[in-house]
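A short write-up of the structure that comes next.
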Amino acid sequence: ALKKETSRLITRSIKKVGKVSARVRYAEEQLEKLKAEIDASASEEVDDELLEKLENAPNIEDHRKEMAELQSRLRKLNWLEE
């Protein structure tokens, strides 16, 4: 029963790591697009709209931290399963 539960938790953890990884990639893409828009901005002053987009962009560091925690949990579960 413990082995079955461990396997189930490993599967769930793998799924969660995948989802967070996708969120990190998406956030990085959004940040790159915003940086390109800011660089392409003709005026010296960065448009208020661009600044607002930048402030509302997903926080990559939060996602990376969550992914590191999930990966750590997954390593522990894999160790437990062995």
Side-chain angles (χ1 to χ4, degrees):
L2 181 61
K3 194 164 187 89
K4 189 174 181 178
E5 179 65 12
T6 303
S7 293
R8 187 184 72 78
L9 289 173
I10 287 172
T11 303
R12 288 185 66 207
S13 293
I14 290 170
K15 193 174 180 181
K16 286 180 182 181
V17 167
K19 286 181 179 182
V20 172
S21 179
R23 278 189 234 131
V24 168
R25 278 194 307 277
Y26 175 77
E28 287 172 342
E29 289 170 7
Q30 295 304 309
L31 187 59
E32 288 304 315
K33 285 180 187 176
L34 282 172
K35 285 181 179 179
E37 284 182 48
I38 290 170
D39 290 343
S41 181
S43 66
E44 283 297 315
E45 287 185 31
V46 177
D47 191 323
D48 285 344
E49 184 181 334
L50 289 176
L51 284 176
E52 189 174 323
K53 284 183 182 179
L54 189 58
E55 288 174 2
N56 293 331
N59 189 330
I60 295 172
E61 291 307 312
D62 286 349
H63 292 313
R64 286 184 179 154
K65 183 179 177 187
E66 183 181 359
M67 189 162 69
E69 289 170 0
L70 288 169
Q71 287 172 332
S72 173
R73 175 182 165 92
L74 184 57
R75 277 192 297 276
K76 291 173 186 174
L77 286 167
N78 280 326
W79 175 83
L80 185 63
E81 188 178 48
E82 290 175 1

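These numbers were taken from a predicted model, which means no experiment stands behind them.
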Rounded at 0.5 Å granularity, tell me how far [atom1] in [X] sits from [atom2] in [Y].
X	Y	atom1	atom2	result
L34	N56	CG	CG	9.5 Å
K15	L70	NZ	CG	13.5 Å
E61	H63	CD	NE2	10.5 Å
L9	K16	CG	NZ	8.5 Å
E5	L77	CD	CG	9.5 Å
K65	N59	NZ	CG	10.5 Å

- Any donor-acceptor N/O pair, S72 side chain to A68 backbone, under 3.5 Å: no

- Query: Got a sec, which residues hit side-chain hydrogen bond (donor to acceptor under 3.5 Å, both in side chains) with E81, two or more places apart in sequence or on another chain?
  - Reply: S7

- Message: Can you list everything that forms a side-chain hydrogen bond (donor to acceptor under 3.5 Å, both in side chains) with E29? Sequence neighbours excluded, please.
- Response: none

- Note on the structure: In terms of heavy-atom contacts, M67 and V20 come closest through CB-CG1, 3.5 Å

- Between S13 and R73, the two heavy atoms sitting closest are OG-NE, 3.6 Å

- Mind running side-chain contact (heavy atoms from CB on, under 4.5 Å) on K33 and Q30 for me, showing each step along the way? CA-CA 5 Å; K33 285 180 187 176; Q30 295 304 309; 4.0 Å; yes

- Might you confirm whether atom CZ of R8 has over 12 heavy atoms from other residues, nucleotides or ligands at distances under 6.0 Å? yes

- Would you call R25 and E28 a salt bridge, taking side-chain N to carboxylate O under 4.0 Å as the test? no

- Message: Let me check something: do L80 and L74 share a hydrophobic cluster, defined by ILVMFWY side-chain heavy atoms less than 4.5 Å apart, either directly or through other members?
- Response: no

- Any chain of hydrophobic side-chain contacts (each under 4.5 Å) joining Y26 to L31? no

